[in-house]
Structures are given as C-alpha cells and as structure tokens.
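Here is the naming used below: chain letters follow the sequence lines, and residue numbers restart at 1 for every chain. Keep in mind it's a predicted model, so treat the numbers as computed, not measured.
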Amino acid sequence: MDLEFGPEYEDFRQEVKDFLRQHGAKSPIGTALRSNETISWQKLLIENGYTARTIPQEYGGYGAQPDLIQSRIIAEEFAHARINPGLGGQGISMLVPTLLELGTQAQKAQFIRPTIQGEMVWCQGYSEPGAGSDLASLTTSAVLDGDNWVVNGQKIWTSTAQLADWIFCLVRTEPDAPKHRGISFLLFDMKTPGIEIRPLVDMTLAANFNETFFTDVRVPKHQIVGARGEGWQVANAILAHERDSLGNPNITLARLNALIDLMKTETVNGEPLIDNAIYRDRLMKIQGRVMAMRFNELRVLSSQLNKDQDPSIARMIVKLQGTELRHDLEGLGIDIMGEVGLCYEDNPHTRTGGSWQTQYMFFLGLIIGGGTSQIQKNIIAERGLDMPREPKVIKPSPMTAQKGGQ
Amino acid sequence: MDLEFGPEYEDFRQEVKDFLRQHGAKSPIGTALRSNETISWQKLLIENGYTARTIPQEYGGYGAQPDLIQSRIIAEEFAHARINPGLGGQGISMLVPTLLELGTQAQKAQFIRPTIQGEMVWCQGYSEPGAGSDLASLTTSAVLDGDNWVVNGQKIWTSTAQLADWIFCLVRTEPDAPKHRGISFLLFDMKTPGIEIRPLVDMTLAANFNETFFTDVRVPKHQIVGARGEGWQVANAILAHERDSLGNPNITLARLNALIDLMKTETVNGEPLIDNAIYRDRLMKIQGRVMAMRFNELRVLSSQLNKDQDPSIARMIVKLQGTELRHDLEGLGIDIMGEVGLCYEDNPHTRTGGSWQTQYMFFLGLIIGGGTSQIQKNIIAERGLDMPREPKVIKPSPMTAQKGGQ
Amino acid sequence: MKFGFSEEQVLLQDNVNRYLHDNVPLDRVRAFADGGTDTDIWQGLADMGIAALLIPEDQGGIGLDALDAAIVAESLGYHVTPAPFLGSAVMAPTALCLSDGDHSELLEALATGSKRVGIAFGEAIGRRNGASVTVTDSTLTGTSLFAFDADADFYMVADVNKHLFLLDANAKGLQRRHLTTVDKTRRTVELCYDGVPAACISEDPRVFEATLDIGRVILAADTLGAAQNMLDQAVAYAKQREQFGRPIASFQAVKHMCAEMAASLEPCRSMVWYAAHALANLPPEARLTACHTKAHLAEVGKFVAKTSTEVHGGMGFTDLLGLHYWFKRCGSNRQWLGAPELVREEAAALQGLTS
Amino acid sequence: MKFGFSEEQVLLQDNVNRYLHDNVPLDRVRAFADGGTDTDIWQGLADMGIAALLIPEDQGGIGLDALDAAIVAESLGYHVTPAPFLGSAVMAPTALCLSDGDHSELLEALATGSKRVGIAFGEAIGRRNGASVTVTDSTLTGTSLFAFDADADFYMVADVNKHLFLLDANAKGLQRRHLTTVDKTRRTVELCYDGVPAACISEDPRVFEATLDIGRVILAADTLGAAQNMLDQAVAYAKQREQFGRPIASFQAVKHMCAEMAASLEPCRSMVWYAAHALANLPPEARLTACHTKAHLAEVGKFVAKTSTEVHGGMGFTDLLGLHYWFKRCGSNRQWLGAPELVREEAAALQGLTS
C-alpha cells in the first residue's frame, strides 16, 4: 500500500502548479464555445500538454505517452486551483479516441486537430425515441444512393446539437442483418440540408438536450468510421468509456462538504440543522458511502497502473453506486431545509444557487441515462458475477434450439 | 366510514367476555397435542362456537353461518384475555376447509371430526428439495398398483411431521401430463410402512420443520381428494388462504409495544434508548408502517363484509409488506441493544425471552417461505397490476412462434 | 362496520374526478405553471360545492367532514390540480369555525369561492433562516416564508405561541413577494410585515393544532393521489414501451419496481382514510394519526416519485410526458407543514416518548 | 502509487486462506459451535505467525501492520473461523505495545499462541443495563458484559475513563460466566469482579482509542470476508438451483439481488484496506476512517446477510448449508465494539459536528 505518487511525480505536480500560477489568470470562466478566449486557452493547454496530452503531434496534440498519474495530477491541480481545464464534450472525449483507433488516415487528418482545438464541435446521435436501453434496435436509416448515404430518422438526447458543427451518428445500413450487425457509424456536417433540431426540455426545466430529425440528409459515402455494418462495435468501445466517467467520487466529496456547510448555517427554530441527530446520522451514513467510493476509485486507478488485480467489478459498480449516492446526498440537502428546500430558480431564498433541487433531479436523470440502473445491474450480474443472460424468448430457429438442448 | 360493529355485535362480544371470565381458567397454557387438557378445552370451545364455528354439526363443528365480524371479535377477545383460542395447525386451517369443499362424503365423515377435536394431527407434504417456488415441478411419485397408490419421493418443510397422525400430500400421478395437470392430492397415515422423518434444523437452531422420505408407501386408492391429476387446483385454493394469514398487523402491533417498552427500560451509559433521537426516529417510522398495515387490514375486512370495493391489491401485499415490516421491527430491537442484542437461548441477559433474535430470523424465514418476496412481487405485478407474465423461454412449437409474430 | 366510502362519497369522488379529467388536463396545468391563473378551476370546483365542503350549513356551507375533504384532495393530487383547496377550503374554514368571533361573512365568501385565504404557519411549525414573526399590540413585524396561496385575499398567520392572526392581503405594510419553487402547480409567497394590523382570532393552541392536523392529512391525501397517478402512468408506460422485442412490463426488474410501488402505496390509502376519519371521530388518536400519515406518505411519495420516473426511463426525465409535475408535487407535499423527520419527532412527543 | 497488497501480503493471504480452507471446513466450525474448542485452529495459525503479526520483532513478533491483520481477518471471516484473533493478536498487542511498563513476557507468549488475552471494553464504549465497572485502589468491582474470548488467560478491561487494566483470568474474585449469543463461531463471557486486583497498564485515553480503532477495522474486515462468502455462496447456489426449468440465476430478480450485493460490497474492500492502512500511516484520518468503516460494513453486512439468505430460498433458512453461521457472524460484528448509530455519532463528534 503506497498512496504517494513518488518524487518524480511531485516534480511534475510542481510544474503544473507553476504553470497555473503563471498563466491561470488567462483562463476563461465558463466555456463559450469557439470564442477566441476559449480557443487560445485551449491551444496554450495543448502546447503545455495539459489537455489532448496523449494525442499525437501530427494531429495537433501534445504527443506524450499515456500516464494515468500525470493525468490525475493535472486534473487535481486544475480542480484545486479552480482553473478551466480545457474543453471536454463528446467530440473530444468520445469521437477523438475512436478516430485514433479506427479512423482512416484522412479522417484523422481532417477531424482531430480542429476538434481538440475547439474549432469543431460535435454532438452524438445514438439514442432514439424507440431505442433506449435497447440501443441496438435503432431505426434511423442510411441508404446508399450513388456516392451518398441518405439518412432518415430521429435521434434524441443529442446534447449541444444546436451548437454542434458535426455529428457522429449511428444509423442502420443493413436492414436485413441481425440488429447488432446492421449498424454503421457516420460523421456528417450539421449544416447539411434536412436536419431539424428541437430543444428537449427536461424535468429541471432546462433544455440540456435535443431531439434531432433527419429527412433525406445526404452524407458522402466515405464519412463512415469502421466498416459498413460494424458501427455497433465502434460505438461500444466508447460507451464503456462514457459510463466510467459518471459518479466521480471527488465531485461527490465536494458536494458533501457543501452539505456539511449548509447544515451548519441553516437552522430550524434557531437550532443549526447539524445539531439534529437524525439529519446528522443521515449525513454520516452518506459520508461513509462517499469514503467507500473514493477508496474504490483509488483501487481502480492503482489496478490500472500496476495491473496486479482485477478491478472489473470495482469499475462496473461506479455508475450505479455513484449516481444513487449523489441523488441521496442532494436529497438530504433538500430534506433538511423543509420548505426552503423547495426554492428554485429566481427565488431569493434559494440556497447554493438552487443546486440541491437541480442536482437531485439531474442525478435521477443520470441514474436513468447512460444505461439505467437496471441495465447496470444486468451488467454487474452477467459480466461481473458470470450469471447467465436472460434466456432468449424465442429461439432463432427450432434447429438451433434443439441443438442447444443436446 | 363506520368503525363500530354495531350493538348486536357488542352483545356477542359480551357473551365471549362472559365465557372467558367463566371458563378461562381451564384454558391450557401452550398446546400439548392430544393431551386430555387440550382436547377437553377444544371440545368446550367447539360446543360454544368459539372454534370450528362454521363447520357443520354433522362433522363435529358448531354449525354457525360464516360471520367475519363474529370471528374477529372472538379472536380479539381471546387475544386480549390471553386465553388459548383452541387448536390451529395445518389440518384444521388448511385440510378441513378443503375437505368440506372437495372431499367425498366418506372423507368428510372420517376426517373432519377427529381433526377439529384435536385427536387427529396432520402435516402437509407440498414442498420438495427441488420444488420450492416452482412447487408444480414436484417429483414425488404415486403409481397405481392394484388398489393402492405406491408413493416414492421426498418432502421438505413438513412441520410437525414427527407429531402428525396423517399427512395430506401432493404427488405426481401422471408423469406424462403437463406439470400442473399431473398432480394428485393424497391423504395417508404417517404410520404406514416406508415413511422416514428427519428433523430439519433451521437458522434459529430449532427443529420446527422436517424432511420426510417415502419409500414404497402404499396408500389405499380412495384416499385421494378431488380427481386424479387435479391435485394442483385442490392445493392452490388452500395456498392462497395460507398466504393471507402471514403478517398479521395486530400481532405486529403487540410487538411494537414490546419494543417501545424495551427502549424505555434498556439504557446505554445510563440513558434510556428511547432518548436516542436516531433510534426513536427508526421506531416512529416503523410505527407509521404498522399503522398503515393495521388500517389496510380493516379495509380488507370491510370489503369482505360489504363487497363494495375491490380489495385485491390490499390483500396481495399483506404477506410481502407484513413480513418485511416484522423483520425490520425485530431488527431494531436487536440494534438498539448493542451486544446485548446478540443474547440467545440460556444467556441470563437475554431480553424478552430472546425473542428479538428469534423473530428476526423467523420472519426472514417467512419472507422466504409461503412464496418468496420475489414470487409475491410477481403476483402483485401480474394479478394486481395486470402486467404480462414472464414470456415463455422456448415456444412449444415453431409454428406457434411464427403465428405469434404475425 | 364499513371502512370505506358512503354512496355520497363515491358520488363526490366521481364528480370531482370527472370535472378534473375534463377541465384540468396536463396542458391546463402547464398553462398555470407558465404563469396562468387557477381562478377558473377554483370557481368550477366552488360551483360544485368543493370550496364549501367543510363549512357548516348554517354558515352557507355543506358541512361535510375531513374524509370528504381527503377524497377531494386525493383527486386534486391525482390531477396535479392548481387550486387553493388546502388553505381556502380546508385550513382556513377549520380555524375560523373553531376560533373566537363571528367570521360568517368570510366563511360565506369562502364557500362561494369568491374569497381565498392563504396560510402562513411556518413560525409555529419550524422557523427557518430569514423568517421571523413578531406580534406587538396586534401588529405584525417580520417575515413569513412559504405562505400558500400567492393569490389569496387574506392570510392566516401563526406566531410562535400558536396564536392565529388574520390579515387583509391589501393591508398597509404588507408586502408579498413571489417565491419560485420546484412545484409549479402551486404558488407560494413570502409575506413581509412592516407593522401590519392583524386580528387575533385565536389564542388557543388547540385551534392551531386542529388546523395543522387537518392540513397534514389533506397534504397526505394529495400525495396519495399524485403517487397513485405516477404508479398508474408507470404501469401503462411499461405495458406499451417495447425494448429488446417485448414490452418492458414483461421484465422482472420493471415488474418488481411496479409491485414495490403498489405494495408501499396501497396501505397508504387506508391510512389516509383512517386519519381523516379520526380527526372528527376519534379524538384521542387524531393528532398521532395525522402526524404519522403526513410522514409516512412523505416517504412513500418520495419512493414512488423516484421509482415511477425510473420505470419511464429517459422519457420520465423529459418534460414531454410532464411526469415531473407529479414528482415535484410529491416533493413539495413532503416539505410543507413539517418535513417527515420533524413530524415523527412530534409523533414521539405526543406519546411521551421524548425527554 | 499502489492501492493494494505487496507480494508478501498476497502470499500471507494465500497461506491463511489455504490453511483455513484445509483445516476449518464448515464441519469444524460446527464442532466449535457444539461446544468444541478452537485451540488447535489457533495453534495452527500461531505456527504460521498469525498470532505474532502485530508484535514487534524485538518482542518476538513479526512486526507487520494493521493492513496485514485486516487481510487475515478477512480470511477468518470468510471461513467463519473460531479464533481469538481480534483480542489476542490485534487489540491486546496494540494496547500492550503502546502502554506503560514492560510486557515483553506476555507479548512473547501471545506471539507463540501460548497465552490469550480477552477484551472487555463495554464500559468505555457504551455501558448497558447490568454492566458497571468501578476501580478503587487498583481493584475492580462490578460486571463487564460480552468480554471476548471466553477461554482467555488474561483480560484487558477498560473503565469509563478509558484507563486500561490487565487481569489474570484466574485472579481471586473474578468469575466468568458464559454468555450464549446467536453467533456460535465465537464465545463471549460476563466477567464479574469482586475486588479483583488489576494492573493499570495505561491511563492515556489515546491508547484505548488506538486499540478500539484497530479492533473496529478488524471487525469490519471480518465482515468483509463473511459477506463476500455469502455473496459467493448466493451466486453459486443460484447458478445450480433450477426452478421453472432454468437456473434461478437467470431470473432478473435474482440477478439484481446479487448485483446489488456486489455493488454494495465491492467498495467495502477498498474501504477496509484504506482504513487499515490509515491506522499506521495517516494519523489525521485514522480514527474517522475507522469509525466509518466499522459502521458502513455493519450496514452492508446486514444487507448482504439478508439478501444472500433470500437468494438461497428455504435452503438459506435451514441449517443444511450452514449459511446462518455467516449471517450471524455479520450480525455480531455489527454489534460488537459499538453499534453503527453510536459509531456514526462518534464520527460526527470527531469532526466537531456534535454540539
């Protein structure tokens, strides 16, 4: 057991701190997409290797070897100094790794540099109204017509669609193939004719997401990643990555500390709520769970570094446990305040920017999104505990069924 | 809304009270089966209509018309006076109603009178090691050989098997029929050669149950209830009745009051546990749940009396909610006492006769037994909420499957 | 013995449900949430006698009791109805009828729905940061938070001694500030008092308590209706939504979520009925039952709200079906008139279990 | 950076597991439960160095730390092993090494497994009805409840001031009374003191606290092992048990019960490791982490114990598989050295959150 990163990393940490001290003032607050400020900050970060760190230089990245500890130190120091860590978003976090692995040389050359520099913004076209948990049943179609795919259908949960330049999109290209085999992964410009975007209001009453409609959208044939019909495999590699990022225990810890502060300052009949033994016990229960998840994350990191233990269950459970924990934590923040906990939006008595209610609902959304808790439990049982999959309801053919029984 | 039973019932209640005052002293403590004391008390109760109340006189009962309120008043007054309400057991509560409905004249004449008088004790042979939730998959076989069924197989959970005179038993008589159609309902003497009983110790370390083994047990052909192959239907009518009786909220209320007493007298560092706000809040949560279940039971009773509302969901949930509630209640009794809560058996510091631990485990057994919580939830979803059954894993024939898809 | 509704009560329930079904579809709720009024809805209900339900016949009312009010509240919750029922038809009439003085004029106006009375009880239930009500020589100074309803003509205010005061909404020195909450099916206000003249209508804590008790039971009934609706919606959605080639209602996980909702919620129905019945008919049990009913429905409502949303998947998180209006209604019923932990402490205190 | 075991620790874990697998099958546990001794088990473990784990090398020990002890405890819990590890190998050595005076003779005897020291800390953690320890002029009067182990040669007793005393089990005036508990994999006693001479070995509360902290972490590790075993048994049982023509492991309800167990339990592993590591290496976090680990594992252990039993159906309720030995082990770990509610209050107090 060694929780130190070692002296060589302490030097690296010092470098990051020095950079932040020297340049932090230039850091834009918020991330106005495509603003000069955002783009020049992003370029500075790339130059110094604080973002796009492992992307090859030929595609505009910094070109370093992957090093989990360096990445963690960068994240920690930027968070600690509360300085903008550069652009995220689905283009950078999901598409770029995919292109690096499976894109053609031309695709890499065309898309990676503008994407990581913040000049090209992407949205993701995966879910459909009829294809949620069962994503592979998607029906948005792409039919080859000469040198173009002609795309028709509807996507949902396309966040930032209204701001995006391009979309990476799953479409059905082989309608007669088994459902996982008929999907392709297309890239196309959101200014192509035939695309309509409607904002999708959610329960927080914000429009964080969109519905996107495609009518005869023509996409050049070569704008496909991976082979025709292999889009499911392309997408799946990224999805696992997305799931990992939900339920980060360090953010949860920050919220826990905000909750403790709230309980010290809010009162009922003049008594601070932290003095209420029942609320305090709920707080302590949550603190224990937060601790467990933080240490679990350390173990996952360590197992990635040292390759000495199998972290598969420890990783699989993060989304399920992390989102439920945040939902419970935010709910306690509401509960202790009584009616004041109901405040929202422009209410002058809203505490902590209304975040308790917003986050309570948003984390219910995350319990559902990115694989519902039910899907997560299936995954833990089937992949983590090696329990059998749900039996097929109808066997593909009687011959196979009989063979299976022999 | 009228929670009174009305003046005529108050007269009846007075009669019961009078009886108890006059005769209560003769009531045996406990129920030593077949003892003179037990049997004469039972006969006195039957004569006065306080047990076997609705069983026709020709079979040894009191012969009254069914009246739910009278039954309830009897139960309430006996419980209140803490006087032995007569014999229960599976023969009286399950077999007798079945015989009345489906037995032959000869069976009624032979079995009902000695059973209700306590001279003939029964055990139940339903579950098998391989047939629990899926009871209909039972494999104990009965093959007709001349005028006898020859029974082979094993039963489990046969409570009081070691004390029983007779068994009512589900056996497979038509091995080639669909599983629900091949079962018959047999009655036989436990002294028949070929029966071996082994006590089954449970987690409370008591042997409340048994395993019972049958080797070439010969049962006269006529000792079947209902038609051959229709035993499943015979048994099912009773099972529903058994489920209803678990999780009685009035017993739960008595336990809640015992818990409150415990929390007032037990202390930690000299402070009564009722003064601990966290335990008190858990207690109050449980009290709220007990209330809800008590009122639910009133509603079910009323709907049976007045036939004015559909109580189906209200009835279906009693076992699920009632057993979980008791388990939680008993668990709180353990929790508050710290190490003292672990006391068991002959420990001189055991509180309330060790009942907190015993009941905590016993109610976990009841959460499982008589239809696990998972089976209960299936029932509530399918019968209460009209949700579809689990789809068949393999369709009986490919033709049918294809038709289903059209 | 009959644990259930009379024929008149069944009729009342049917009538209210039919009215709400016809007149308060989700779009009508959305219109209120976007800043519209509830005046037409309330007038329609008042025309049916709903506003007069608890007002004695000799004061121009109908003279029914808390169980009838609970029946109405359940329907209002089922339809997430914007309406000043809790204050104007339940708590205010209860307090006015029990308090000193002649309030027949106001009661008659309440009975017809022409006047509305809001409630500001926070000071006597649990004072929060930023609130405080001081009474000197029949004038009020300070602030009440979360007075419901925002459009009342009068407000009934409790101070820390459980004395009740009645104010004209247009009284000099009174400022109303609209307070946005998550629950947009109701509107609450902050009342700022700068020497507002107030009529003290009761100095008897039992009047405050009886008013609070019925308010809590009615809120619980509202949650019962809202949660029942969420369960119904979840079951219906699960039956029609297909994934993996079958309705999601056929997956055991989804079935069990629905079964758990039903199992938790069904006994709540009896609990609300009993608590409402007890208010008028079983005085020794009334307060305790009201507390437990309020707290228990708060917990079950929270569970059902979350679980139903989960059954709906992403659709539950959007505004498309409007499910969140029910979610938030359950959420605000939980917090109003005492959050569950505080109410359970009251329940313990009523039984002498607190030191 | 390495959050995990060294090679030596992996070896230690393998060795202990192999020893317990070979020497403490369920029948051996049953033999202890039926009144047998654990002497041979403990001697076998002592021969492997387990008794000497935490004793410094210059006192005849091995000089490892709490994480090594937690590794052993997890294995002991996994096999529901009857053994005096917690008292004789963990708490007593910790206290003796920190306390005043020369205890080398006793430490050497502990290291070889030839002597055992029991623990009676109830008075300083939370005095229950029937217990009370008074110290006058180095003699003890009163009663300690639930001292573990019943077969110790010495007892270490804490009084309300967190002073520690060491008694000979055969001291004049000391009576041991066996106390049956649900958990038959350990044996506890009541110690009745009638003027028992006692050596005060520490008046520094920090010695008591450090001893309690490591005891709590080791109990949590024992629960981790016991709960992991229950999960493993549930999964294995579900895979081989068939109902309705298929393994019950293919039913979503059963899968989700197992997944929920795994999801709750897996982070506990990291928590126990961290808490054990913190005891020696992260002093500012050590006490708080120990409290939370004790309380959190108590809750998760309770959940897993119940859920695993449910997955086993009726078979889980019988004695046939012996699953209840694990169930009860989790149950007694929950209660020993502070029930979760009390330990969480300590956690709050450590952070200055109690008034």
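Within the 3.5 Å criterion, the main-chain N or O of Ile379(B) finds no donor-acceptor partner in the side chain of Lys255(C). A donor-acceptor contact shorter than 3.5 Å is absent between the side chain of Glu266(C) and the backbone of Ile313(B). Not one N or O on the side chain of Asp308(B) forms a donor-acceptor pair closer than 3.5 Å with the backbone of Ser6(C).
Of the inter-residue distances, the one linking Met271(C) atom CE with Met293(B) atom CE reads 11.5 Å to the nearest 0.5 angstrom. The CZ atom of Arg280(B) lies 6.0 Å from the OG1 atom of Thr354(C); values are rounded to the nearest 0.5 Å. Expressed to the nearest 0.5 Å, how far SG of Cys268(C) lies from CZ of Arg289(B) amounts to 11.0 Å. Annotation: the span from Glu260(C) atom CD to Ile317(B) atom CD1 amounts to 12.5 Å, rounded to 0.5 Å. Atoms CG and CZ, from Asn296(B) and Phe3(C) in turn, are 8.5 Å apart once rounded to the nearest 0.5 Å.
At a threshold of 4.5 Å between non-hydrogen side-chain atoms, the residues Val343(C) and Met284(B) do not count as touching. Residues His296(C) and Met291(B) have side chains not in contact (no heavy-atom distance under 4.5 Å, counting atoms from C-beta outward). A heavy-atom distance below 4.5 Å is not found between the side chains of Val235(C) and Asp386(B).
Residue Gln240(C) places its CD atom among more than 12 non-hydrogen atoms of other residues, nucleotides or ligands, all under 6.0 Å distant. The local environment of CD in Glu8(B) is crowded, with over 12 non-hydrogen atoms from other residues, nucleotides or ligands closer than 6.0 Å.
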Next item on the list: May I have the step-by-step check of side chain to side chain contact (heavy atoms under 4.5 Å, CB included) for Met387(B) and Cys258(C), ending in yes or no?
Entry: CA-CA 9 Å; Met387(B) 297 175 84; Cys258(C) 291; 3.7 Å; yes
Notebook entry, point to check: Going through the distances and angles, do Ser264(C) and Gln321(B) end up as a side chain to side chain contact (heavy atoms under 4.5 Å, CB included)?
Noted result: CA-CA 8 Å; Ser264(C) 305; Gln321(B) 298 296 87; 4.3 Å; yes
Note to self: Test salt bridge (Lys or Arg N to Asp or Glu O under 4.0 Å) on Glu341(C) and Lys285(B); report intermediate values, then the result.
What the structure shows: CA-CA 9 Å; Glu341(C) 279 83 0; Lys285(B) 273 187 183 167; 5.6 Å; no
Next item on the list: Assess whether salt bridge (Lys or Arg N to Asp or Glu O under 4.0 Å) is satisfied between Asp281(B) and Arg344(C), documenting all intermediate values.
Entry: CA-CA 7 Å; Asp281(B) 188 57; Arg344(C) 282 194 294 266; 2.7 Å; yes
Checklist line | side chain to side chain contact (heavy atoms under 4.5 Å, CB included) between Gln287(B) and Gln351(C), intermediate numbers included | finding: CA-CA 12 Å; Gln287(B) 189 176 50; Gln351(C) 299 171 82; 2.7 Å; yes
Note to self: Between Lys2(C) and Met1(B), does the side chain to side chain contact (heavy atoms under 4.5 Å, CB included) criterion hold? Intermediate values first, please.
What the structure shows: CA-CA 5 Å; Lys2(C) 185 180 169 79; Met1(B) 202 77 159; over 6 Å; no
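Listed by sequence position, Leu67(C) are the residues of residues 63-73 of chain C in contact with chain B, using a 4.5 angstrom heavy-atom cutoff.
Of the listed residues (Phe5(C), Trp273(C), Phe251(C)), the greatest number of heavy-atom pairs within a distance under 4.5 Å of chain B belongs to Trp273(C). Ranked by non-hydrogen atom pairs under 4.5 Å with chain C, the options Gln374(B), Lys264(B), Arg389(B) are led by Gln374(B). No other option in Ala347(C), Pro247(C), Ala275(C), Gly4(C) has as many heavy-atom pairs under 4.5 Å with chain B as Gly4(C).
Only the side chain of Gln309(B) comes within less than 4.5 Å of a heavy atom of chain C; its backbone N, CA, C and O stay farther away. Using a 4.5 Å cut-off between heavy atoms, Val254(C) contacts chain B through both its backbone and its side chain. Thr293(C) does not touch chain B: none of its heavy atoms, backbone or side chain, sits under 4.5 Å away. Contact annotation for Leu298(B): both backbone and side-chain heavy atoms come within less than 4.5 Å of a heavy atom of chain C. With a 4.5 Å cut-off on non-hydrogen atoms, Ala295(C) does not touch chain B at all. Residue Ala276(C) does not touch chain B at all, counting heavy-atom pairs closer than 4.5 Å.
Closest of all the heavy-atom pairs between Ser302(B) and Met1(C) is CB-SD, 3.9 Å. Of all non-hydrogen atoms in Leu353(C) and Ile274(B), the two that sit nearest each other are O-CG1, 3.5 Å. Here the closest heavy-atom approach between residue Pro388(B) and residue Ala249(C) is recorded as CD-CB, 3.5 Å. Among all heavy-atom pairs drawn from Ala259(C) and Leu385(B), the shortest one is N-CD1, 4.1 Å.
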